[in-house]
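Below is one structure, written out as structure tokens; the observations come after it.
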Amino acid sequence: MTVTQRRGRKIMMTPGELDEFLDTQRTCRVATVSTDGTPHVSALWFLWDGTSLWLYSVVRSKRWTHLTRDPRVAVVVDTGEEYDQLRGVELSGTVEFVGEIPRTGELRAELDAVETRFARKNFRVEAMPHDGRHAWIRLTPEKVVSWDFRKLGA
């Protein structure tokens, strides 16, 4: 992961702040590109594992269709209403699909910890519910840009 933030270094998050922020937020906005080049943005729950962003997406969605054709993506996670409270992260790169499509719960060591944490964080249950409609997408970002406007008052 490369942090390529030239402007705004004063407000960028440290690695620890970035991890804490992504661990506590639930919803991201995923930007994909349609066949004709039109951008498409959709909201989705996510899990950050310290190096990758995990998305559990419906496989019969525009987002999925776009990503199978063109795996480049940009994801934004942000919060705050007032200017001096704005915080966020943009992560971009190329996604990969992990596990069976759609996910049925087949044993897969690579997904054990991810599914346990995702289920606890987003569904508030101990085991991942599999509905036969979703599958996993992993973004290991090539570029990360962050901001925390609360630092401007310090």
Side-chain angles (χ1 to χ4, degrees), residues 1-5 8 12-13 15-81 85-149:
M1 170 174 54
T2 304
V3 176
T4 56
Q5 192 159 339
M12 73 184 275
M13 294 182 192
E17 291 168 340
L18 180 84
D19 286 341
E20 187 275 333
F21 179 75
L22 291 173
D23 281 341
T24 58
Q25 299 300 307
R26 290 176 72 192
T27 306
C28 66
R29 283 180 289 289
V30 180
T32 59
V33 181
S34 65
T35 307
D36 68 1
T38 306
H40 176 259
V41 179
S42 57
L44 197 60
W45 283 347
F46 71 92
L47 177 76
W48 173 250
D49 71 4
T51 58
S52 296
L53 196 75
W54 292 84
L55 307 167
Y56 196 57
S57 175
V58 172
V59 299
R60 297 185 86 180
S61 64
K62 279 186 180 183
R63 170 183 48 249
W64 190 273
T65 301
H66 294 168
L67 289 172
T68 57
R69 186 187 49 73
D70 182 348
R72 295 174 301 161
V73 68
V75 177
V76 171
V77 180
D78 65 342
T79 189
E81 296 295 323
Q85 295 299 312
L86 298 176
R87 293 183 298 153
V89 179
E90 178 189 0
L91 308 105
S92 58
T94 303
V95 300
E96 61 184 309
F97 303 94
V98 181
E100 71 274 19
I101 300 168
R103 180 84 172 120
T104 58
E106 181 181 306
L107 291 178
R108 188 167 176 107
E110 183 177 26
L111 292 174
D112 285 348
V114 170
E115 290 188 332
T116 299
R117 288 185 57 212
F118 189 91
R120 287 177 182 157
K121 177 183 179 182
N122 295 307
F123 296 121
R124 308 222 189 318
V125 297
E126 291 300 312
M128 188 71 187
H130 298 288
D131 60 8
R133 299 176 356 164
H134 290 77
W136 287 105
I137 301 169
R138 176 175 49 205
L139 169 62
T140 303
E142 297 161 15
K143 181 179 176 185
V144 176
V145 177
S146 66
W147 57 94
D148 183 349
F149 284 28

Quick one: list whatever passes ring pair (Phe, Tyr, Trp, His ring centres under 6.0 Å) with His130, sequence neighbours left out.
none
Taking every heavy atom of Leu47 against every heavy atom of Val114, the minimum-distance pair comes out as CD2-O, 3.5 Å
How close do Pro102 and Gly132 get, counting heavy atoms only, and between which atoms?
CG-O, 3.0 Å
Are any side-chain N or O atoms of Thr68 and backbone N or O atoms of Thr65, one a donor and one an acceptor, separated by less than 3.5 Å?
yes
Can you give me the closest heavy-atom contact between Glu126 and Ala119, atom names plus distance?
C-CB, 4.5 Å
Modelled atom types, side-chain donor and acceptor of Arg63 and Ser57, under 3.5 Å:
yes
Carboxylate-amine/guanidinium contact Glu17 Arg87, below 4.0 Å:
no
side-chain contact (heavy atoms from CB on, under 4.5 Å) test vs His134 passes for just one of Val58, Val59, Ile101, namely Val58
The criterion is salt bridge (Lys or Arg N to Asp or Glu O under 4.0 Å); which residues satisfy it with Arg108, sequence neighbours excluded?
Glu110
Trp48 backbone acceptor or donor facing Arg117 side chain under 3.5 Å:
yes
Checking Arg69, Arg72, His66 against Thr32 for side-chain hydrogen bond (donor to acceptor under 3.5 Å, both in side chains), the one that qualifies is His66
When you measure from the side chain of Lys121 to the backbone of Phe46, do you find a donor-acceptor pair of N or O atoms at a distance under 3.5 Å?
yes
At their closest point, which heavy atom of Thr79 faces which heavy atom of Gln25, and how far apart are they?
CB-OE1, 3.9 Å
Minimum heavy-atom separation for Thr140 to Thr51, with atom names?
CG2-O, 3.7 Å
Parallel, tilted or perpendicular, as decided by the 30° and 60° cut-offs, for the rings of Phe97 and Trp64:
tilted
Kindly say whether Arg133 contributes a backbone atom to a donor-acceptor pair with the side chain of Arg60 at under 3.5 angstrom?
no
Taking all non-hydrogen atoms of both residues, which atom of Pro141 and which atom of Ser52 are closest, and how far apart?
CD-CA, 4.4 Å
Parallel, tilted or perpendicular, as decided by the 30° and 60° cut-offs, for the rings of Trp136 and Tyr56:
tilted
